[in-house]
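As the structure lists them, so they are numbered: ligands from 1, and atoms in each ligand from 1. Throughout, numbering of the chain's residues begins at 1 and tracks the sequence.
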Amino acid sequence: MSNLDSSRLSPRLQSVYQSVLDANPGQAEFHQAVFEVLLTIGPIVDRRPEYSDLALYERIVEPERQIMFRVPWTDDSGKIHVNRGFRVEFNSALGPYKGGLRFHPTVNLSIIKFLGFEQIFKNSLTGLPIGGGKGGANFDPKGKSDAEIMRFCQSFMTELQRHIGPDTDVPAGDIGVGGREIGYLFGQYKRIRNRFDAGVLTGKGLTWGGSYARTEATGYGLVYYADEMLKARGTSFDGKKVVVSGSGNVAIYAAQKVQQLGGTVIAVSDSSGYVVDQNGIDIELLKDVKEVRRLRVSDYASEREGAEFVTKGSIWDLPCDVALPCATQNELPVEAAETLIRNGVQLVAEGANMPTTPEAIEALQSAGVAYAPGKASNAGGVATSALEMQQNSGRTQWSFEETDQKLHQIMVDIHTQTVAAADEYGVPGDYVAGANLAGFLKVADAMVAQGLI
Ligand code: NDP
């Protein structure tokens, strides 16, 4: 039986899933994200009959608006290229659409919709007033000059600016979109609109409306959440061996926080392979290689004594106590989960969005491994983006310590909420169900209150 078999859903939700399949052919990632939510919210169907009467399930799986547009730009040799831009404004029941922009060659409508759908419930879990959206382009920033990146961002924003605003839709970064790209995007928005709308984008530079701790937020937040999970099992990061996949924004700061809490990060990766460093990843060197010089993890290995770059097999082959997938969707398949289980992994918490396949999640949960879905464990990034919006509205800036302390509290609260929802609905210890139930109910009640929209 396939893990996305609709007969596993509550009967009321089977037709909802079928309509998603029919209306969105070929959008495998979107199907997967919807299925996972529908699978776990079954217990709500009987308890809240009004949701069925109001077609709430049918409405929540349909984006409020989907925008696709042409992005023409010229490279340094004068050659013209055309990419496709996306912004999916999924749900504004709780606040302005909020979610990142991804620039990666694999981006398509299915990927943006899966990310936008998950974002609704993640943003709800933060307890902050933000709706869900996501965007991006099938543009590959790898190997491009700064001038090419700038021209692409300017062309992308020339269209996107019609659709966004501090009270409408507030994009941020994601894969391939960091501080440099947010700067170029913000500059073009300001130039076209003639407005310094600081609150239109988050992840800005610290001298022009950015928030302290936003760069660190997703990675730090992930580890704060995982630390709560460990505490619930009577243990901590101290002395734990940790494997972190990826070596981008989320991975770097997750690795840094693990080491601050006494764990040892023995490996990080990129799409060409992984580096093993049993003495513990040197965070300052990793930041210099990836953030300053924009090189690869293989360069880290060649500059660090005792580190080894590996291209065979998978980073998940390494025995560890904690695994933090922080690269991309479906990067941890069931075979990898089985290897991790055999090697005694105790906890898997997602920094990336949907990195663990449904089969892998089931294997981890059946083996008693503590497993956290990204919509709960990586919510620290968007939460701190919402804190950036708050600071922009108040034309103020909080210190690093104050912002980090708020982030920490938000992650503790999300952990409490997810555990409580799982307990209330009779699935104690199931963080997936807990996150989906707690996130869904808040959005659904707001939609009921706001009428048929
Ligand atoms: P970055 O672009 O900074 O880094 C992405 C990392 O993942 C790189 O090391 C990249 O390697 C690797 N990667 C990307 N695609 C693939 C692939 N197809 N196969 C193998 N490795 C890959 O992105 P972020 O760190 O910002 O994002 C990582 C994940 O975290 C994504 O799933 C994102 O949606 C999620 N996330 C990010 C948030 C944020 O605040 N930035 C917030 C919440 C979730 P390479 O350089 O070789 O491509």
Side-chain angles (χ1 to χ4, degrees), residues 29 33 98-107 111-112 114-119 122-123 125-126 132 134-136 138-144 149 171-182 201-203 211 213-222 225 244-256 267-275 286-287 289-291 294-300 309 311 314-316 324-333 336 349-356 372-388 407 411:
E29 295 83 1
K98 181 92 198 84
L101 298 171
R102 176 177 292 191
F103 291 169
H104 194 270
T106 56
V107 162
I111 287 183
I112 298 299
F114 113 64
L115 290 164
F117 186 68
E118 291 225 308
Q119 196 82 48
K122 178 189 309 192
N123 293 3
L125 285 172
T126 67
K134 198 81 187 186
N138 61 349
F139 169 74
D140 189 357
K142 263 199 213 98
K144 304 288 190 298
I149 299 282
D174 189 74
I175 291 179
V177 178
R180 172 181 59 170
E181 292 74 19
I182 293 292
L201 288 170
T202 57
S211 172
R214 175 61 189 91
T215 304
E216 294 82 357
T218 309
Y220 277 23
L222 165 66
Y225 191 93
V244 178
S245 65
S247 51
N249 173 261
V250 180
I252 290 173
Y253 293 95
Q256 183 172 60
V268 293
S269 66
D270 61 25
S271 54
S272 49
Y274 64 94
V275 60
L286 182 65
K287 279 165 105 171
V289 168
K290 297 297 296 189
E291 292 184 339
R294 297 183 187 277
L295 300 174
R296 316 289 298 156
V297 292
S298 53
D299 297 295
Y300 171 96
F309 180 61
T311 52
S314 147
I315 192 170
W316 310 122
L324 303 176
C326 295
T328 195
Q329 64 274 358
N330 293 328
E331 57 162 311
L332 201 165
E350 297 183 338
N353 287 310
M354 210 168 77
T356 317
K375 38 170 106 61
S377 52
N378 73 26
V382 74
T384 308
S385 276
L387 299 180
E388 183 173 331
L407 163 67
M411 298 314 295

When you measure from [atom] to each heavy atom in [options], which option holds the nearest one?
| atom | options | result |
| --- | --- | --- |
| atom 29 (C) of ligand 1 | S245, A327, G178 | A327 |
| atom 3 (O) of ligand 1 | N249, L115, I175 | N249 |
| atom 4 (O) of ligand 1 | G351, G246, G248, S271 | G248 |

Quick check: does [X] get an N/O under 3.5 Å from an N/O on ligand 1?
| X | result |
| --- | --- |
| D174 | yes |
| S272 | no |
| K122 | no |
| T218 | yes |
| S247 | yes |
| K142 | yes |
| G176 | yes |

key: Side chain T218, main chain G380, donor-acceptor under 3.5 Å   =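 No; zero donor-acceptor contacts below 3.5 Å.
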query = Is a side-chain N or O of N249 found less than 3.5 angstrom from the main chain of T215, in a donor-acceptor match?
reply =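 Yes: the side chain of N249 pairs with the backbone of T215.
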ask   = Do the side chains of E181 and L201 get nearer than 4.5 Å, heavy atoms only?
value =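 When only atoms from C-beta onward are counted, E181 and L201 do not touch, as no gap falls below 4.5 Å.
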message = With heavy-atom distances below 4.5 Å as the criterion, would you say the side chains of P373 and K122 are in contact?
response =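 A side-chain contact is absent here, since even the closest heavy-atom pair is not under 4.5 Å.
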Cation-pi geometry met for K144 and F139 (6.0 Å, 45°) =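 Positive - K144 is close enough to the ring of F139 and near enough to its axis.
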ask   = Is atom 10 (C) of ligand 1 less than 4.0 angstrom from at least one protein heavy atom?
value =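 No, no protein heavy atom sits under 4.0 Å from atom 10 (C) of ligand 1.
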Has [X] got any heavy atom lying under 4.0 angstrom from an atom of ligand 1?
| X | value |
| --- | --- |
| Q329 | no |
| E331 | no |
| M354 | no |

request  = Under the side chain to side chain contact (heavy atoms under 4.5 Å, CB included) rule, what do D174 and N353 come out as? Steps first, then yes or no, please.
outcome  = CA-CA 10 Å; D174 189 74; N353 287 310; 4.2 Å; yes
Which part of [X] is near ligand 1, with near meaning a heavy atom under 4.0 Å away: side chain, backbone, both or neither?
| X | value |
| --- | --- |
| H104 | side chain |
| P355 | neither |
| K375 | neither |

key: The single option from K375, K134, K98 passing side chain to side chain contact (heavy atoms under 4.5 Å, CB included) against Q119   =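 Answer to the side chain to side chain contact (heavy atoms under 4.5 Å, CB included) test with Q119 among K375, K134, K98: K134.
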ask   = With a cut-off of 4.0 Å, which atoms of ligand 1 are near a heavy atom of C326?
value =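 Heavy-atom distances to C326 below 4.0 Å select 28 (C), 29 (C).
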message = Only heavy atoms of R214, strictly under 4.0 Å: list the atoms of ligand 1 that pass.
response =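 Contacts of ligand 1 toward R214, numbered from 1: 40 (O).
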